[in-house]
Amino acid sequence: MINAPRGVEDLLHPKSFYYAQIEKEARDFFSLYGYEEIRIPTFERTELFLRSVGEETDVGKQMYTFKDRGGRSISLRPEGTAGVARAYVEHKLYGSKKEWKVYYMGPMFRYEKPQMGRLREFYQIGVECFGEKSPWLDVEIIEMAYRFLSRIGLTDMEVQINSIGCKDCRGRYVEVLKDYLKDYLDSLCDVCKRRYHYNVLRVLDCKNPTCRSFIEKAPQIKDYLCSSCEEHFNYVKKGLENLKIKYTINPYLVRGLDYYTRTIFEIISPHLGAQSTVCAGGRYDDLVSQIGGPSTPAMGFAIGLERLVMGLKKEGVSLKTPSQLTFFIAMLDQRYMEKGMQVASLIRSTGAGASVSFKESSLSSQLRQANKKNFSWVIIIGEEEIQKKKFLFRNMRSGKQYEVSTNSIEEFIKNLKGVS
RNA sequence: GUGAGCGUAGCUCAGUUUGGUUAGAGCACUGGAUUGUGGCUCCAGUGGCCGGGGGUUCAAGUCCCCCCGCUCACCCCA
């Protein structure tokens, strides 16, 4: 018995249905904002991801990386943004002066130890816009994420925003923060001691109570933003209020990567444990230049499907399967299979659903099956029906039965459709 | 990478503390009560390498060791 590798899962119904439904909704909804779908490769040159995440060493270790037969280093995409940015540069879309608005969806891969809401293969839906620096884009994108999640049915959400400034003002802030923490370095937790050196901003979201007490009194980035970053952030806040999007400013919200600039945001679904971020996004004005394109402002977000579905489940939201006219064809003997298959075929040609009972079992059992699976109608085929050249249509809601002759089946179904 | 918890029927779990005949329940499935009619009820039945291997013992689901897997948390989080 060969099991699936660690950290991957089969998506069975109803989860597969949920994913499909959410993806369908995403296509419809994002297009209302003028976004088009892009399908990017599931693997890229490793270098692309390494360059997009910066010099960070830990991150590279969490990728599925291998050499192809030509000796090139290839990695399965750990996220969507880098690939989209690469496509933007490769197709020279910056030439057209217009902003480029795209969405994508599909599996991502990270070699991590699986835990709640975190798998090695996981699904994301993402949105990116290139070539627009206006804070109003930030507002629209946050709105789009928020409204999309509401539309799917998530109600318990918290929108958190923050500005981490640009290279210049963040650089200054990092120095100030380091200077402040220097005196407490010995009291910080072991993890923060390390973070102090390689990514001091990460100290800000440490959960350790002792660290927290120092963090609460620490200087905050909002007081160190340069005037244009501050102005940008003010527009974002005002814009969100204008659209009645409730948000909280989380001064400790940070990002591990250094291509992020200015606005960053997360949408949290509480009661999802340690992995409660359903949607994370932000502005990344430095990414395109980092991977070799012309300096281009950009902003986007990604939604994690497993967490979204978990959130829906916790809230008791269920996405309804569209009610469909469905027939279950029960046979009293395998001899009538040929007839049964013909009837099923005929029914499907009218656009209604039909399932044939393949197994030989009692009529009781077949009706039980049909009931369990929520069929609205059962067609019974037995000796009597064959003799009379009529089929017995049983309505599973009312229990009423109708004799329908072979050549009036289509008409019968047509009438049913008119009613339902 | 670190730590903790768990692994018994298709599913959810009891039984493990204190070793003792043939390993249980509920749900699901199949049949019957109803010789061709579902849901409710009742009766019966199918279904287990008790995660794998080794050890202790007259005897191991139960105790000991190793391995594997799952889960949660930490780390990390694009």
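These numbers come from the heavy atoms of this one structure, side chains and all, not from hydrogens, waters or symmetry mates. Chain letters run A, B, ... following the sequence lines, proteins first and then strands; every chain starts at 1.
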### Query
Any ion pair linking E36(A) and K101(A) (charged N to carboxylate O, less than 4.0 Å)?
no
### Query
When the distance from CZ of R194(A) to P of C74(B) is rounded to whole Å, what number comes out?
14 Å
### Message
Pairing donors with acceptors under 3.5 angstrom, does anything connect the side chains of E266(A) and T277(A)?
### Response
yes
### Task
Determine the interatomic distance between C1' on G53(B) and the same-named atom on C68(B); round to the nearest Å.
10 Å
### Task
For A28(B) versus C11(B), give the span between their P atoms, rounded off to a whole number of Å.
15 Å
### Message
For a quick check of understanding: with a heavy-atom distance under 4.0 Å over all strands, which category does M116(A) fall into, base, sugar-phosphate or nothing?
### Response
sugar-phosphate
### Summary
note: E383(A), atom CD; U35(B), atom C1'; distance rounded to Å ~ 15 Å
### Query
Can you tell me how far P of C76(B) sits from CG of N199(A), to the nearest Å?
9 Å
### N/O (side chain, K207(A)) to phosphate O (OP1/OP2, A73(B)) under 4.0 Å
no
### Query
Mapping A274(A) and A280(A) onto RNA chain B by nearest heavy atom, which one lands closer to the 5' end?
A274(A)
### Query
Between Y247(A) and E158(A), do the side chains contain an N or O donor and an N or O acceptor separated by less than 3.5 Å?
no
### Query
Which whole-number value in Å describes the distance from K113(A) NZ to U2(B) C1'?
7 Å
### Query
Nearest of C76(B), U37(B), A78(B) to any side-chain atom of E112(A)?
C76(B)
### Residue L367(A), side-chain atoms from C-beta onward, closest of G38(B), G36(B), C70(B)
G38(B)
### Query
Are K133(A) and D285(A) close enough for a salt bridge, meaning some N to O gap below 4.0 Å?
no
### Query
Less than 4.5 Å apart, any side-chain heavy atom of Y146(A) and any of M157(A)?
yes
### Message
Do Q342(A) and E338(A) pair up side chain to side chain, a donor and an acceptor below 3.5 Å, judged on atom types alone?
### Response
no
## Note on the structure
When rounded to whole Å, the CG to C1' distance for the pair D333(A) and G36(B) reads 12 Å
### Task
State whether R397(A) places a side-chain N or O below 4.0 Å from either non-bridging phosphate oxygen (OP1 or OP2) of G38(B).
no
### Message
So if I take every side-chain heavy atom of K372(A) and compare against A78(B), C70(B), C29(B), which nucleotide ends up nearest?
### Response
C29(B)
### Query
Can you find a side-chain donor-acceptor pair between T81(A) and E128(A) that sits under 3.5 Å?
yes
### P spacing across the pair C66(B) / C75(B), given as an integer number of angstrom
28 Å
### Task
Would you indicate what R255(A) reaches in the nucleic acid, counting non-hydrogen atoms under 4.0 angstrom: base, sugar-phosphate, or nothing?
sugar-phosphate
### Query
Quantified in whole Å, what is the P atom distance between nucleotide C6(B) and nucleotide A59(B)?
28 Å
### Message
The side chain of R110(A) is closest to which nucleotide in this list: C76(B), A73(B), C77(B)?
### Response
C77(B)
### Task
Taking only the side-chain heavy atoms of E385(A) (C-beta and beyond), determine which of G36(B), C29(B), G31(B) contains the nearest atom.
G36(B)
### Message
Less than 4.0 angstrom between a side-chain N/O of S364(A) and OP1 or OP2 of G38(B), yes or no?
### Response
yes
### Query
Can you find a side chain N or O atom of R195(A) that sits less than 4.0 Å from OP1 or OP2 on C76(B)?
yes
### Task
Take atom P in U8(B) and the same atom in C50(B), then report the distance between them in whole Å.
11 Å
### Message
When the P atoms of G61(B) and C49(B) are compared, how many Å lie between them, rounded to an integer?
### Response
14 Å
### Message
OP1 or OP2 of G31(B) versus the side-chain N and O atoms of S362(A): is any pair under 4.0 Å?
### Response
yes
### Query
What distance, rounded to whole Å, do you find between the two P atoms, one in U62(B) and one in G15(B)?
15 Å
### Query
Expressed in whole Å, how much space separates the C1' atoms belonging to G26(B) and C64(B)?
34 Å
### Message
Let's see if you can work this out: which of G31(B), C75(B), U37(B) has an atom nearest to the side-chain heavy atoms of Q401(A)?
### Response
U37(B)
### Query
When the distance from CD of Q366(A) to P of U34(B) is rounded to whole Å, what number comes out?
20 Å
### Query
Whole Å only: how far is the CZ atom of R283(A) from the P atom of A78(B)?
18 Å
### Query
Would you say the ring centroid of Y35(A) lies under 6.0 angstrom from that of Y103(A)?
no
### Query
Contact class for T277(A) vs. all strands (heavy atom < 4.0 Å): base, sugar-phosphate, or nothing?
nothing
### Query
What about R394(A): does its side chain form a donor-acceptor pair under 3.5 Å with the base of G38(B)?
yes
### Task
Using the closest heavy atom to pick a nucleotide of RNA chain B for each, name whichever of C206(A) or P114(A) lands nearer the 5' end.
P114(A)
### Message
Just N and O in the side chain of Q62(A): are any of them under 4.0 Å from OP1 or OP2 of G1(B)?
### Response
no
### Query
Within this structure, what is the CD-to-P distance between Q124(A) and C77(B), rounded to whole angstrom?
15 Å
### Summary
Closest of G36(B), G31(B), C76(B) to the I380(A) side chain is G36(B)
### Task
Check every strand shown and say whether G80(A) touches a base, only sugar-phosphate, or nothing at a heavy-atom separation below 4.0 Å.
nothing
### Task
Please confirm whether F375(A) and F327(A) have ring centers closer than 6.0 angstrom.
no
### Task
Determine: side-chain N/O of Q115(A) to OP1/OP2 of A73(B), distance under 4.0 Å, yes or no.
yes
### Task
Please determine if R120(A) and E112(A) form a salt bridge, counting it only when a charged side-chain N lies under 4.0 Å from a carboxylate O.
no
### Query
Does R118(A) get its side chain close enough to the base of C77(B), under 3.5 Å, for a donor-acceptor pair?
yes
### Message
Regarding E360(A), tell me which of base, sugar-phosphate or nothing describes its non-hydrogen contacts under 4.0 Å with the strands shown.
### Response
nothing
### Message
Could you check whether R77(A) makes a cation-pi contact with F49(A), meaning its NZ or CZ is under 6.0 Å from the centre of the six-membered ring and within 45° of the ring axis?
### Response
no
### Query
Can you give the dot-bracket line for RNA chain B, where a pair is Watson-Crick or G-U wobble with both atom distances under 3.5 Å, crossing pairs use [ ], and | marks a partner on another strand?
(((((((..((((......[...)))).(((((.......))))).....(((((..]....))))))))))))....
### Message
Using OP1 and OP2 only, check whether a side-chain N or O of Y284(A) sits under 4.0 Å from A78(B).
### Response
no
